[in-house]
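Input: a single structure, listed below in structure tokens.
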Amino acid sequence: MGPIVPLFNVSNEINLLFAFIIGLGFGFVLEQAGFSSSRKLAGMFYGYDITVLKVFFTAAITGMLGLIFLNFMGLIDLDIIYINEYYITSSIIGGIIMGAGFIIGGFCPGTSFTAAAIGKIDAMWFVAGSIAGIFLFGEIYPLLESIYMSNYEGAVKISNILGIRDGYFALLLIIVASIMFWIGELAEKKFKREDISKEI
Amino acid sequence: MNTRIIISIIMISLGSIAAMLPKTKNSSIQLKADELLREMKRQTYVISADELADLLINQDPSILLIDVRDSVDYAQYHLPGAINIPLKELLDPEWAPYVDQISQKNIFYSNGTTLSSEAWILTKQIGFRNNYILGGGLNKWFSTIIKPEFPATSAPSETWALYETRKAASQYFTGSKAADKEENAVILPPIPRKKKTRVQGGCS
């Protein structure tokens, strides 16, 4: 019975070991999919390349369907899976900062590491900047704590808020994603940029 | 057909199946009967009256006493620092922060162990952690801590040491003073002694 690593039943070290192994796989796939190119990531913003949208939504949908089917087969317990807790204010502020960093730097945190790993200098600077940001945040945390902690909603699922079953929400999300991918491909044609190389 | 359309069709059909699936019970938390029995045999969830007295006297912050009797009994007598959650209200969401947590040891107690054991089994089956019961309940608490049994004179010194600890604990919890020595002291009549007479005569 899943999850493989129940949060409280293993030591922190074993937890980190699992995270390390999964992280290696994640990084490898990101790199192989061409995500270490900042052109690809910036393309999401300018509309000439929506690979990012497709990959992340497909990943979410695959994971979601996997959980639902595994739960149906009795192999995983959805009630003891960790759900990230929702702080409305910090989610919005964090989203804006992350989005801005995405378009300015051309990487998201994960892809910056894969790009740094294949030797891209700008990605190394990006990583250094992220670490500096982490230290800065840690140092000024007492000043930010009230904003950071405000509007706490707990570990909520959208399906719970809407009051529908997880399966219905999954279907809804898949339909929405399919429509988004279709619109995205139209946008790719409209904002086509011949001058930007597809090369990594 | 391009890849996007093929993948969309596959995903939507899988999603439709997902939407039709019944919501399955998440059963992995609930213990099977044999697992529960094994746990009960091991008795690791029982805290003895002596252990509890020690924890209370040392004001251990990691325990929370929960009185699972009804509020009338609770009002009559309860252990110091205990909160009252009657058994039938145990699963109310209002009490969830006390019962379902991982930072404190909850110690359930009742007069005997019936109610507290029921509370323990309930919480164990749901998968709550850190729940314990007071072995023997309040009855045992009274017979061992509040009114410890006077050991036989021939009892080994460990028994006497335990008795003294319990007696001291009893004084801690009941607030009674140490027995006054002067009151209890038996005043014996002075032993008549013969007056020593000085050696007389001679050349004194």
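Every chain is numbered from 1 and lettered A, B, ... according to where its sequence line falls, protein lines coming before strand lines.
- In this structure A:Trp182 satisfies the ring pair (Phe, Tyr, Trp, His ring centres under 6.0 Å) test with no other residue, sequence neighbours excluded.
- Enclosure of atom OH in B:Tyr98 is not indicated, since only 12 or fewer non-hydrogen atoms of other residues, nucleotides or ligands lie within 6.0 angstrom.
- Counted within 6.0 Å of CD on B:Gln59, heavy atoms from surrounding residues, nucleotides or ligands total 12 or fewer; the atom is thus considered open.
- Applying the 6.0 Å contact sphere to OH of A:Tyr152 captures more than 12 heavy atoms from other residues, nucleotides or ligands.
- Side-chain N or O atoms of A:Arg165 include one that pairs as donor or acceptor with a backbone N or O of B:Leu21 at under 3.5 Å.
- One finds the OG atom of B:Ser13 at 8.5 Å from the CD1 atom of A:Ile174 (value rounded to the nearest 0.5 Å).
- A:Tyr148 OH: 12 or fewer foreign heavy atoms inside a 6.0 Å radius.
- Atoms OH and CE, on A:Tyr168 and B:Met20 in that order, are 9.5 Å from each other to the nearest 0.5 Å.
- Between B:Ile10 atom CD1 and A:Ile61 atom CD1 the span is 12.5 Å, to the nearest 0.5 Å.
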Report the C-alpha distance between B:Ile7 and A:Phe181 in whole Å, list the side-chain angles of each, state the deciding distance to 0.1 Å, and finish with yes or no for side-chain contact (heavy atoms from CB on, under 4.5 Å). CA-CA 11 Å; B:Ile7 290 180; A:Phe181 294 165; over 6 Å; no
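- Within 6.0 Å of atom CZ in A:Phe20, 12 or fewer heavy atoms from other residues, nucleotides or ligands are found, so the atom counts as exposed in its surroundings.
- The two residues A:Phe69 and B:Leu14 come nearest to each other via the heavy atoms CZ-O, 3.6 Å.
- The minimum heavy-atom distance linking A:Ile68 with B:Ala18 is given by the pair CG2-CB, 3.9 Å.
- For the atom pair A:Thr62 OG1 and B:Met11 CE, the distance stands at 3.5 Å (nearest 0.5 Å).
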